Structures are given as structure tokens and as C-alpha cells.
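Please read these numbers as outputs of a predicted model, since none were measured by experiment.
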Amino acid sequence: MGVHLWLRHEVKPMEHRAALSPEACKTLIDNGFTITAEKSDARFFKDEEYTKVGCKLVESETWETNAPLDAFIIGLKELPEGISPLKHNHIFFAHCFKEQTGWKELIKRFTDGKGTILDLEFLQDDSGRRVAAFGYHAGFTGSAVGIDIWCHNTDPALGKFPPIKPYPNQDELIRAIKLRLATAVQANKGSYPKIMVMGAKGRCGGGAVDFAKAVGIPETNILGWDMAETVKGGPFDEILGVDIFINCIYLSSKIPPFLTLESIAKPSRQLSVMVDVSCDYTSPNNPVPVYDRATYFDKPTLQVQAGSSNPPLEVVAIDHLPTMLPREASQAFARDLLPTLLALPNRQTAPVWQRATDLYKKKAMEASNQSSNL
């Protein structure tokens with residue numbers, strides 16, 4: 001009997017991506033999978049695109065009560081809030097294995113229901129590299145937002161930065177920011193912003209650099225940092241000397257912070273916009289501990305006041321930036337994830353799924369032990 005995947009509707013506000021594209025669903029169905037897709041008015045792909053390739057369509061948010069116990073519930077972002085035990089195997093970004101806020105409570109729901117978290121963030125190949133990630137599009141769109149905010153702030157008459165909306169494709173996004181940048185550079189006496197990308201050699205950082213180049217930022221204005229530049233340990237005054245800082249670093253252990261409230265209070269700070277693409281503000285390993293809450297597409301920025309003589313630092317901390325390009329980001333992610341999903345029928349022997357299962361068991365044990373010691 002084939003594997004049953006249940007594609008759930010995303011409940012996160014303004015999330016337009018999908019873990020499975022219609023094209024990926026067709027390939028899976030052709031290989032013996034059964035796929036149920038919940039109706040979704042938020043998903044960029046239309047419901048009909050799924051039924052056309054052979055998916056069964058059901059009502060939104062019915063997986064908990066109607067999905068067969070052997071179905072794998074697949075999605076991207078967080079589950080609906082609740083305390084009910086979770087009895088299915090779930091494939092999603094759980095954001096709890098690095099001991100983020102609420103991690104023990106979420107894992108307890110799974111242990112109580114005898115379900116399992118197969119975390120997309122920790123589906124890794126034999127070399128430890130993630131099999132699928134939104135990193136490139138996260139960096140690409142994060143760079144777009146950072147540049148857009150800088151452009152917006154060159155004209156004080158524009159007021160607060162407006163809500164962000166998705167774009168139909170990356171060409172439209174590039175075209176829109178190019179136009180804004182041309183106007184802003186003219187207002188800035190012909191000067192382009194200086195940008196630092198932290199983690200420039202990774203997928204995410206590469207996307208950030210590519211976008212900056214695509215809209216015409218001179219290469220001399222793009223400073224790409226990676227492990228070699230950060231080995232001495234932060235904080236780094238060099239970050240204070242750019243206009244836009246884009247953090248694309250993925251951390252699993254604690255390091256000295258890149259920025260602190262004390263460092264951004266220095267009168268010499270030129271930095272005015274920070275886009276924390278990694279958005280790990282709830283993690284003890286957060287390398288930019290200058291803010292304490294997320295931002296959202298309808299309220300993209302928060303201001304951090306540091307130093308009486310400095311203007312506030314505009315911070316963007318949106319944890320699903322690739323939804324600005326929902327079709328392209330979803331298609332790329334699903335395409336990369338597909339070979340691993342095709343191995344699900346042999347999950348007990350497939351190394352990627354074995355490691356994911358073992359990691360869940362390890363984290364469940366840690367959560368249980370910490371709760372017991374309270």
C-alpha cells in the first residue's frame with residue numbers, strides 16, 4: 001500500500017506557500033502515493049491545480065479529526081494553537097528542536113498523542129546538508145525588503161513603511177525595487193546604499209547578494225561576510241558602517257553576537273536597516289540580540305532605539321519572507337524535497353528519515369527530562 005500525504009491548509013497569517021506544489025503532487029501520485037489536499041484560500045496555488053493532477057480535495061483544517069492515522073500530515077509553518085494530543089506523523093518546520101519558546105509544550109502534545117515530528121529543517125543528507133530549504137528565496141526577498149525600506153526612508157514624507165504584499169514572480173519584484181531604488185538614489189545625491197550580507201557563501205546569503213546585484217547595487221557596495229570574517233568573534237563595528245545589514249546565518253550553537261544594544265548605540269553608527277532573515281530571536285543562540293519580537297507582513301518593521309543621538313534601527317524579523325514569491329519559492333522547495341518524499345515508503349531504512357525520527361525521539365526525551373526536573 002502506498003504512502004498517504006495530507007497537505008494541510010496553512011493557518012499562519014499571510015502564508016501563501018505550500019510544502020507540495022501541484023507538479024510535485026503529480027510525480028508522487030504517479031509513484032503510488034495518495035495525496036489529500038485541504039482547500040485553501042490563502043495558498044497561491046488554486047485548489048483546482050491540485051485536483052487536476054489527482055489529489056483529493058477536502059475542507060480546510062480537517063486533518064486532526066478526519067485524516068487516517070497512517071497519513072503523514074505535511075505543511076510548512078506552525079500548527080493551530082491548542083493543547084490536544086497529536087497522533088499523526090507531521091512533516092513541517094516545527095521550530096522547537098533548538099529549544100525555542102514553547103518547545104516543550106509542543107513536543108508534549110506529540111508524545112501524549114504518540115505522534116512524531118519529522119522536522120523539515122532537520123531532513124539532512126549524509127553530509128549534514130538540508131535536503132530542501134527556502135534559504136535562497138529567503139535571502140532574495142530579505143534583500144528586497146531591506147533595500148525597499150532604505151529607499152522608503154530617503155523620503156520622510158512617505159511616513160511609515162507600508163505592509164508587504166506577495167509578487168507573482170521574481171521579475172516583477174526586481175522591476176518594482178529597481179524603480180524605487182532609482183528614485184531613492186537620486187534623492188540620496190546619487191549614492192547607493194552599502195549592504196552587508198552575513199553568511200554570503202550559503203544559499204540564503206547567495207540569494208541576498210543576487211538580489212542586490214539584480215537591482216543594480218554596485219558590487220563595491222556589497223560586503224559579503226562568512227566564517228572567515230567572523231572567526232575573531234563579535235560584536236563587529238564593520239556592520240555599523242553599512243546602511244543595510246542582512247543576517248543569513250543559521251546557528252546551532254552559541255557564538256559571540258554580531259551586534260548588541262551597546263554596539264548599535266555608538267554615535268558612529270550608519271546602519272539604519274537590519275533584516276534578520278534567520279529570525280531566531282527566541283533561540284539562546286541568536287547572534288543579533290537587539291530585538292525581542294517578530295514582525296509581520298502587515299507590520300514589517302520594528303524600531304530599536306539605541307543611543308540618544310542615533311535614529312532608531314529599523315528591524316525586519318519576518319520568519320516566512322519567501323512567501324513574497326510564493327509560486328517560485330514553493331516550486332523550488334518541493335522540487336528539492338521530492339527525492340526524499342519518494343523514499344517515505346522505505347522510511348525505516350532511508351537514512352534521512354531515520355535521522356529525523358531519531359532526532360525527534362532525542363528531543364522528546366530531553367523535553368520530558370527537563371519537565372520532570374522542574
Exercise. Ring centroid separation for F236 and W225, is it under 6.0 angstrom?
Worked result: yes
Exercise. Same cluster or not: are Y281 and V145 linked, directly or through other Ile, Leu, Val, Met, Phe, Trp or Tyr residues, by side-chain heavy atoms under 4.5 angstrom apart?
Worked result: no
Problem set entry | Between F110 and H90, ring centroids under 6.0 Å | yes
For this session: Take K108 and E105 through the test salt bridge (charged side-chain N to carboxylate O under 4.0 Å, His left out) and record every step on the way to the result.
Result: CA-CA 5 Å; K108 186 177 187 300; E105 291 79 5; over 6 Å; no
For this session: Establish, yes or no, whether the cationic atom of R43 lies under 6.0 Å from the six-membered ring centre of Y50 and within 45° of the ring axis.
Result: yes
For this session: Classify the ring geometry between Y360 and F97 as parallel (under 30°), tilted (30 to 60°) or perpendicular (over 60°).
Result: tilted
Return all side-chain donor-acceptor pairs below 3.5 angstrom for residues 7-14, not counting sequence neighbours, or 'none' if the list is empty.
{"residue": "R8", "atom": "NH2", "partner": "K77", "partner atom": "O", "Å": "2.6"}
{"residue": "H9", "atom": "ND1", "partner": "S40", "partner atom": "OG", "Å": "2.9"}
{"residue": "E10", "atom": "OE1", "partner": "K77", "partner atom": "N", "Å": "3.1"}
{"residue": "E10", "atom": "OE2", "partner": "L76", "partner atom": "N", "Å": "2.6"}
{"residue": "K12", "atom": "NZ", "partner": "E78", "partner atom": "OE2", "Å": "3.4"}
{"residue": "K12", "atom": "NZ", "partner": "D319", "partner atom": "OD1", "Å": "3.1"}

For this session: Could you tell me if the ring centre of H320 sits under 6.0 Å from that of F297?
Result: yes
For this session: State yes or no: do V277 and F134 share one hydrophobic cluster built from I, L, V, M, F, W and Y residues joined by side-chain heavy-atom distances below 4.5 Å, directly or via other members?
Result: no
For this session: Salt-bridge test for D112 and K87: reply yes if a basic N is under 4.0 Å from a carboxylate O, no otherwise.
Result: no
Problem set entry | The single option from I91, I74, T62 passing side chain to side chain contact (heavy atoms under 4.5 Å, CB included) against W6 | T62
For this session: May I ask you to check whether S283 and Q100 show a side-chain donor-acceptor distance below 3.5 Å?
Result: no
Problem set entry | Under-4.0 Å salt bridge between D126 and R355 | yes
Exercise. Cut-off 3.5 Å, side chains only: do S272 and E314 have a donor facing an acceptor?
Worked result: no
Problem set entry | Residues, nucleotides or ligands: over 12 heavy atoms within 6.0 Å of K363 NZ | yes
Problem set entry | Salt bridge flag under 4.0 Å for residues R175 and E172 | yes
Exercise. For the atom pair CD1 (I147) and CZ (F211), what is the distance rounded to the nearest 0.5 Å?
Worked result: 5.5 Å
Seminar exercise, completed: Rounded to the nearest 0.5 Å, the SG atom of C248 sits from the NZ atom of K201 at a distance of 15.0 Å
For this session: Examine I195 and V315 and state if one hydrophobic cluster contains both, with Ile, Leu, Val, Met, Phe, Trp and Tyr joined whenever side-chain heavy atoms are less than 4.5 Å apart.
Result: no
Problem set entry | Within one Ile-Leu-Val-Met-Phe-Trp-Tyr cluster: F122 and L86, side-chain cutoff 4.5 Å | yes
Seminar exercise, completed: When rounded to the nearest 0.5 Å, the distance separating CD of Q303 from CG of L313 is 9.0 Å
Exercise. Looking at CD1 of I244 and CG of L271, how far apart are the two atoms once the value is rounded to the nearest 0.5 Å?
Worked result: 9.0 Å
Problem set entry | Test: R327 and E49 ion pair at under 4.0 Å | yes
